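Reading through the structure tokens given below for one structure.
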Amino acid sequence: MMNDEQRLEALLSMPVLSAPLVSPDGRHVAWSWSRLGPAADVFAAPTDGGVDPVRLTETSDDTFVVSWTPDGEAVVVEQDHDGDERVQLFLVRLANPGVMQPLTESSPGFYIRGGQVHPNGRWLVYGANLDAESGGEIEPTWVYRHDLETGERMILARPEKGGSYPPPQLNSLGDYVLYHRKEEHPSGSQAWLVGIEGDGDREIFNFGAQAKVSASWFPDGRRIL
């Protein structure tokens with residue numbers, strides 16, 4: 001029989017699966033799998049369970065799945081260094097497991113929240129506590145459209161306070177970004193909507209200053225849960 005120390009060690013060594021995400025076409029699911037090696041890595045498998053999971057990343061730092069590309073052929077993953085949470089975003093294609101294509105810079109001087117590739121394949125949408133105009137780190141998380149060809153960061157929305165959770169969410173049609181603000185009360189949050197060109201930034205759900213709102217897109221990109 002195992003003693004208490006051995007039992008605890010066995011429990012702490014059990015693999016952990018987290019944050020499963022189904023692809024837009026419903027054909028695959030990706031997730032992060034930890035305790036199979038020195039760090040968490042990203043795996044994917046068909047939703048029909050027909051074949052074994054494929055290991056998409058194998059690194060020495062924790063790597064987590066963030067989103068799928070609109071075509072369902074690749075995932076955006078995030079990786080930090082030694083748990084510093086200063087994540088870099090990468091693109092990993094199902095057809096090329098282990099090949100991590102950098103989308104953002106390594107060890108940035110700010111925190112990135114989320115990350116979705118636009119249907120045009122050129123833009124990346126995420127939140128960051130960055131003032132791109134001054135280059136400085138700030139307290140609130142602003143919503144950005146990052147041009148992957150030129151490196152230009154366009155500010156879509158400028159919340160005045162706090163972080164952004166859930167992260168900004170691009171709809172499937174690529175014309176609107178859903179995000180949250182926490183400006184009325186520390187206990188509450190409100191849902192906002194802004195156009196992909198930074199137009200029409202407006203509040204859409206507010207059930208009271210202290211009420212927490214958590215909104216997300218339906219697959220049709222026109223309805224919100």
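Small disclaimer: the values here were computed from a predicted structure and weren't measured.
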Between Asp41 and Thr57, do the side chains contain an N or O donor and an N or O acceptor separated by less than 3.5 Å?
yes
Leu148 CG to Leu103 CG distance, which is reported to the nearest 0.5 Å
5.5 Å
For Pro140 and Pro159, the nearest pair of non-hydrogen atoms, with its separation, is CB-O, 3.3 Å
For Arg222 and Tyr176, which I'm curious about, is there any donor-acceptor pair between the side chains at under 3.5 Å?
no
Residues Pro97 and Arg55: closest non-hydrogen pair is CB-O, 3.5 Å
Is Arg86 salt-bridged to Glu137, cutoff N-O under 4.0 Å?
yes
Evaluate the side chain to side chain contact (heavy atoms under 4.5 Å, CB included) criterion for residues Val77 and Met100: first the C-alpha distance (whole Å), next the side-chain angles of each, then the deciding distance (0.1 Å), finally the verdict.
CA-CA 9 Å; Val77 305; Met100 298 174 64; 4.2 Å; yes
Could you state whether Phe64 and Phe90 fall into the same hydrophobic cluster, counting links through intermediate Ile, Leu, Val, Met, Phe, Trp or Tyr residues with side-chain heavy atoms under 4.5 angstrom apart?
no
Do NZ/NE/NH1/NH2 and the carboxylate oxygens of Glu139 and Arg158 come within less than 4.0 Å?
no
Determine whether a donor-acceptor pair (N or O, by modelled atom type, separation under 3.5 Å) exists between the side chain of Gln88 and the backbone of Thr104.
yes
Is the shortest heavy-atom distance from the side chain of Phe43 to the side chain of Val54 under 4.5 Å?
no
Can you measure from CZ (Phe110) to CD1 (Ile138) and round to the nearest 0.5 angstrom?
10.5 Å
Beyond-backbone contact of Glu197 with Arg145, side-chain heavy atoms, under 4.5 angstrom
yes
Looking at Val117 and Leu170, what are the two nearest heavy atoms and their distance?
O-CD2, 4.0 Å
Given the rule that I, L, V, M, F, W and Y join up when any side-chain heavy atoms are under 4.5 Å apart, are Ile204 and Trp217 in one cluster?
yes
Out of curiosity, does Val65 fall in the hydrophobic cluster containing Val92 (side-chain heavy atoms, cut-off under 4.5 Å, transitive links)?
yes
If I take atom CD from residue Glu203 and atom CD from residue Gln190, how far apart are they, to the nearest 0.5 angstrom?
5.5 Å
Using atom types as modelled and distance alone, determine if a side-chain donor or acceptor of Tyr111 lies under 3.5 Å from a backbone N or O of Val87.
no
Any Ser32 side-chain heavy atom under 4.5 Å of Ser18 side chain:
yes
Do Asp61 and Asp82 touch side chain to side chain, with heavy atoms closer than 4.5 Å?
yes
Rounding to 0.5 Å, atoms CG (Leu56) and CG (Leu94) come to a distance of 6.0 Å
Contact between Ser216 and Gln169 at the side-chain level, heavy atoms closer than 4.5 Å - yes or no?
yes
Is the backbone of Gly174 close enough, under 3.5 Å, to the side chain of His118 for a donor and an acceptor to pair up by distance?
yes
Does Arg93 CZ have over 12 foreign heavy atoms under 6.0 Å away?
no
Which heavy atom of Pro168 sits nearest to which heavy atom of Gly127, and what is that distance?
CG-N, 3.7 Å
Tell me whether Trp142 is reachable from Tyr126 by hopping between hydrophobic residues (I, L, V, M, F, W, Y) whose side-chain heavy atoms are closer than 4.5 Å.
yes
Any donor-acceptor pair under 3.5 Å linking the side chain of Ser23 with the backbone of His28?
yes
Tell me if a side-chain donor or acceptor on Lys182 pairs with a main-chain N or O of Ser187 at a distance below 3.5 Å.
no
Between OG of Ser106 and CG of Asp80, what distance do you get to the nearest 0.5 Å?
10.5 Å
Identify whether the distance between the nearest side-chain nitrogen and carboxylate oxygen of Glu183 and Lys161 falls below 4.0 Å.
no
Contact between Val177 and Leu156 at the side-chain level, heavy atoms closer than 4.5 Å - yes or no?
yes
Mind running side chain to side chain contact (heavy atoms under 4.5 Å, CB included) on Ile112 and Leu89 for me, showing each step along the way?
CA-CA 9 Å; Ile112 292 178; Leu89 299 181; 4.0 Å; yes
Under a 3.5 Å cutoff, is there a donor and acceptor pairing between the side chains of Gln79 and Thr59?
yes
Can you confirm whether Leu91 sits close enough to Thr69 that some side-chain heavy atom of one is under 4.5 Å from a side-chain heavy atom of the other?
yes
Going by atom types only, do Asp201 and Tyr179 share a side-chain donor-acceptor pair under 3.5 Å?
yes
Please determine whether residues Leu178 and Leu124 belong to a single hydrophobic cluster, defined as Ile, Leu, Val, Met, Phe, Trp and Tyr linked transitively by side-chain heavy-atom distances below 4.5 Å.
no
Restricting to non-hydrogen atoms, name the atom on Asp62 and the atom on Ala40 that form the minimum distance, rounded to 0.1 Å.
OD1-N, 2.8 Å
Kindly assign one of parallel, tilted or perpendicular to the pair Trp31 and Trp33, based on the angle between their ring planes and the thresholds 30° and 60°.
tilted
Is a side-chain donor-acceptor pair under 3.5 Å present for Glu184 with Asn206?
yes
CG-CZ distance between Leu193 and Arg202, expressed to the nearest 0.5 angstrom:
5.0 Å
Run the numbers on Val143 and Trp192 for side chain to side chain contact (heavy atoms under 4.5 Å, CB included), then give the verdict.
CA-CA 11 Å; Val143 181; Trp192 286 61; over 6 Å; no
Would you say the side chain of His81 lies within less than 4.5 Å of the side chain of Ser107, judging by non-hydrogen atoms?
yes
Heavy-atom donor-acceptor pair, Ser67 side chain to Gly115 backbone, under 3.5 Å
yes
Taking all heavy atoms of Asp199 and all of Ile196, pick out the closest pair and write down the distance.
OD1-N, 4.1 Å
